[in-house]
Amino acid sequence: MPKSRIRKKADYTPPPSSKQAANIKLTSRGWVAPVMLAMFLIGLAWIVVFYVTETKLPVEALGNWNIVVGFGFIAAGFGVSTQWK
């Protein structure tokens, strides 16, 4: 009985592309880290000053809402951190 011929498969060659690979240039986001850290530190300092001065500073009229303002700065820092690449 004769042996069947084994067909050799051609190696994969990608189709020729008319487009060259686009160079993706990420925009400079050097401002993100300093702004993020500044927001974190401002929020932390706001809360610490509020407790250390026994609720007299930073804004006495806000009362315990000063804590919310401090956490607002911290939350804004996390919001800015989403822009970091």
Side-chain angles (χ1 to χ4, degrees):
M1 189 171 242
K3 290 185 178 180
S4 62
R5 292 186 198 176
I6 299 173
R7 286 186 259 166
K8 184 178 179 186
K9 292 183 179 180
D11 293 334
Y12 174 75
T13 55
S17 64
S18 61
K19 297 179 184 177
Q20 291 182 350
N23 291 335
I24 299 173
K25 182 181 177 187
L26 298 176
T27 58
S28 176
R29 303 248 175 155
W31 59 272
V32 173
V35 171
M36 176 183 67
L37 291 175
M39 297 297 254
F40 288 155
L41 293 175
I42 290 170
L44 179 65
W46 193 288
I47 294 170
V48 168
V49 167
F50 175 70
Y51 279 116
V52 169
T53 62
E54 297 176 354
T55 70
K56 301 288 187 244
L57 290 175
V59 180
E60 187 175 7
L62 289 178
N64 286 336
W65 283 98
N66 280 305
I67 297 170
V68 175
V69 172
F71 278 113
F73 276 111
I74 293 171
F78 279 112
V80 170
S81 72
T82 63
Q83 300 299 314
W84 197 354
K85 288 188 180 183

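All residue numbers in this chain count up from 1 along the given sequence.
Counting heavy atoms from C-beta on, the side chains of Trp46 and Leu41 never come closer than 4.5 Å. Between Leu62 and Val69, some side-chain heavy-atom pair lies under the 4.5 Å cut-off. Taking 4.5 Å as the limit, some side-chain heavy atom of Phe40 sits within range of a side-chain heavy atom of Phe78. Residues Ile67 and Phe50 form a side-chain contact, since some pair of their non-hydrogen atoms from C-beta on lies under 4.5 Å apart. Using a 4.5 Å cut-off on side-chain heavy atoms (C-beta onward), Val59 and Asn66 make contact.
Val48 and Leu57 are members of different hydrophobic clusters when ILVMFWY side chains are connected at heavy-atom separations under 4.5 Å. Residue Val49 is not grouped with residue Leu44 when hydrophobic side chains (ILVMFWY) are merged at heavy-atom distances under 4.5 angstrom, including chains of intermediate members.
The two atoms that bring Ile74 and Gly43 nearest to each other are CG1-CA, 4.0 Å, heavy atoms only. A pairwise comparison of heavy atoms in Val80 and Val32 identifies O-CG1, 3.6 Å as the closest pair. Closest non-hydrogen pair, Trp84 versus Met36, comes out as CZ3-CE, 3.5 Å.
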